[in-house]
J.: 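I'd like to ask some things about the structure below.
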There are 2 protein chains.
Amino acid sequence: MTDHRLIREFFLGFIKIHILYHAAQAPVCGVDLGEELARHGYHVSPGTLYPTLHALERAGYLQRESRTVHGRRRKYYCATGDGRSVLQRARKQACELLDEIVENDG
Amino acid sequence: MTDHRLIREFFLGFIKIHILYHAAQAPVCGVDLGEELARHGYHVSPGTLYPTLHALERAGYLQRESRTVHGRRRKYYCATGDGRSVLQRARKQACELLDEIVENDG
DNA sequence: TGGAATAATATCACAAAGCGATATCGGGAA
DNA sequence: TTCCCGATATCGCTTTGTGATATTATTCCA
């Protein structure tokens, strides 16, 4: 395993939490998410992004809606109630993680 | 995919960051880590924990040392310099994640 | 009106990880 | 020795990650 890959594993969960967060703020489509995540330094290829969206939808955390925007067909995703609870839980656990690992900044 | 499994995916990275953190504080062995993680609500089976330790060691983030404690043979892991840099980076990214997703607590 | 180009999403194929179950290893006790 | 047990290691199967490629659907322009 390359270093690059192992480091990425650390943050795959972060990426999913980001997706849930954005879908809780406003409906978002795949390309939007790809660009938004890239702005945060997470480079996600379509082969990762779309299957992730499908999995989150299957799990009932995202709801999909087809729209045509500028003549392009897009799938917009919005967090469901369940999705928002999971996001809330992720917030809590991320806080706890930080509380612990930041106290001694070695 | 069950909900349980998908939720766990969110936090697998957290678990690895925890491991790196504890190994940066003091040398730790597998059983210690299992118990410590359980205290934080992360239940990690040996089939996950030990391969993870091996991967972190192969990547050069952990250094292993065999010790005999109370007549039992244990492998203690300590974060290397590279491991500490990666941990530092994880801290930074976790902070950024929280800064974003907490600002609007919907 | 073709039909090439483009945008957005979906899928394929392979490598790798997650994990419960099971095996192994090594020291102590008897 | 032999058995036991704590600790670690590995197996086998399922699932995920991902770059590359395909599919779908619309626009543009000769």
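Protein chains get the first letters and strands the later ones, always in sequence-line order, with residue 1 at the start of each.
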J.: Select base, sugar-phosphate, or nothing to describe what L53(B) touches, counting heavy atoms under 4.0 Å on all strands.
T.: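 It contacts nothing in the nucleic acid.
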
J.: Where does the angle between the aromatic ring planes of Y42(A) and F14(A) fall among parallel (under 30°), tilted (30 to 60°) and perpendicular (over 60°)?
T.: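 Geometry flag for F14(A) against Y42(A): perpendicular rings.
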
J.: For dT8(D), take OP1 and OP2 only and decide whether either is under 4.0 Å from a side-chain N or O of Y50(B).
T.: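 For dT8(D), OP1 or OP2 has a side-chain N or O of Y50(B) closer than 4.0 Å.
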
J.: Where along nucleotides 19-30 of chain D does protein come under 4.0 Å, by heavy atom, of base (B) or sugar-phosphate alone (S), with - for untouched nucleotides?
T.: BB----BBS---

J.: Specify the separation, in whole Å, of atom CZ of R74(B) and atom C1' of dG27(C).
T.: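 Rounding to the nearest Å, CZ of R74(B) and C1' of dG27(C) are 13 Å apart.
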
J.: Select base, sugar-phosphate, or nothing to describe what L49(A) touches, counting heavy atoms under 4.0 Å on all strands.
T.: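 Nothing, no heavy atom under 4.0 Å.
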
J.: Could you check how far NZ of K75(B) sits from C1' of dG6(D), rounded to whole Å?
T.: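 Roughly 13 Å, once rounded to whole Å.
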
J.: Hey, does R67(A) reach any base, or is it just sugar-phosphate, or nothing, if we go heavy atoms under 4.0 Å?
T.: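 The answer is nothing, as R67(A) stays clear of every strand by at least 4.0 Å.
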
J.: Let's go through K75(B) and E65(B) carefully: what are the C-alpha distance in whole Å and the side-chain angles of both, what is the deciding distance for salt bridge (Lys or Arg N to Asp or Glu O under 4.0 Å) to 0.1 Å, and is it a yes or a no?
T.: CA-CA 6 Å; K75(B) 311 292 173 60; E65(B) 173 197 354; over 6 Å; no

J.: Check every atom of dT8(D), dA10(C), dC19(C) against the side chain of C29(B) and return the nucleotide holding the closest atom.
T.: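 The nucleotide sitting nearest to the side chain is dT8(D).
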
J.: In whole angstrom, give the distance that lies between atom CD of E65(B) and atom P of dA7(D).
T.: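 The answer, rounded to whole Å, is 17 Å.
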
J.: What's the NZ-P distance between K16(A) and dT18(D), to the nearest Å?
T.: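 So the NZ-P distance, K16(A) to dT18(D), works out to 9 Å.
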
J.: So for atom CD, which belongs to Q63(A), do other residues, nucleotides or ligands contribute more than 12 heavy atoms lying within a distance under 6.0 Å?
T.: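 Count not over threshold, so no.
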
J.: By the ring-ring contact (aromatic ring centres under 6.0 Å, His included) test, which pairs, at least two apart or in different chains, include something from residues 68-94 of chain A?
T.: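 Sorted pair list comes back empty.
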
J.: For the pair made of CZ in R8(B) and P in dG20(C), what is the distance, rounded to whole Å?
T.: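 Those two atoms, CZ and P, are 7 Å apart.
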
J.: Take atom CG of L6(A) and atom P of dG17(D), then tell me their distance rounded to the nearest Å.
T.: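 Whole-Å distance recorded here is 15 Å.
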
J.: Which class fits the ring pair Y61(A) and F10(B): parallel under 30°, tilted 30 to 60°, perpendicular over 60°?
T.: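 Rings of Y61(A) and F10(B): perpendicular, over 60°.
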
J.: Between atom CG in L37(B) and atom P in dG18(C), what is the gap in whole Å?
T.: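 Atom CG in L37(B) sits about 13 Å away from atom P in dG18(C).
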
J.: Can you tell me if E100(B) and H40(A) form a side-chain donor-acceptor pair at under 3.5 Å?
T.: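 The answer is yes; a qualifying pair exists.
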
J.: Specify the separation, in whole Å, of atom NE2 of H4(B) and atom P of dT15(D).
T.: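 H4(B) atom NE2 is separated from dT15(D) atom P by 15 Å.
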
J.: For E35(A), is there an ion pair with R39(A) - N to carboxylate O distance below 4.0 angstrom?
T.: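 Between E35(A) and R39(A) there is no salt bridge, as every charged N stays at least 4.0 Å from the carboxylate O atoms.
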
